[in-house]
Amino acid sequence: MVICHCNLIREKDIRAAAQRGCPDAETAYRSLGCSFQCGGCEDHADDLVSDERAALIPDRDVRAA
């Protein structure tokens, strides 16, 4: 799915950038050689990065704490 129509960035591109270590959408876009244009996708892109980064962090076993 296209997330950013200005730069033609797809959801999978943003998720891959997050998996490579980009901590936020702005950094993800820079890693793709782009930057925000109209800004309409910024919130959605930030959510995608956050979701992907959260999936990389293993769940803590609260019983062990």
- Please report the closest heavy-atom contact between F36 and E42, naming both atoms and the distance. CZ-CG, 3.5 Å

- Query: So do L32 and N7 actually touch side chain to side chain, heavy atoms under 4.5 Å?
  - Reply: no

- Task: Return yes if some donor-acceptor pair links the side-chain N/O of S50 with the main-chain N/O of D47 below 3.5 Å, else return no.
- Result: no

- Message: Can you tell me how far apart CZ (R30) and SG (C22) are? Round to the nearest 0.5 Å.
- Response: 8.5 Å

- Message: Looking at every non-hydrogen atom in both residues, tell me the closest pair between A28 and S31 and how far apart they are.
- Response: O-OG, 2.7 Å

- Item | Nearest atoms (heavy-atom pairs only) where E52 meets A18 | CB-CB, 3.7 Å

- Path from M1 to L8 over hydrophobic side-chain contacts below 4.5 Å: no

- Heavy-atom closest pair, residues I3 and C41: O-CB, 3.4 Å

- Closest heavy-atom pair, R15 versus D51, reported as atoms and distance to 0.1 Å, is NH1-CB, 4.4 Å

- Taking all heavy atoms of Y29 and all of S35, pick out the closest pair and write down the distance. CD2-C, 3.9 Å

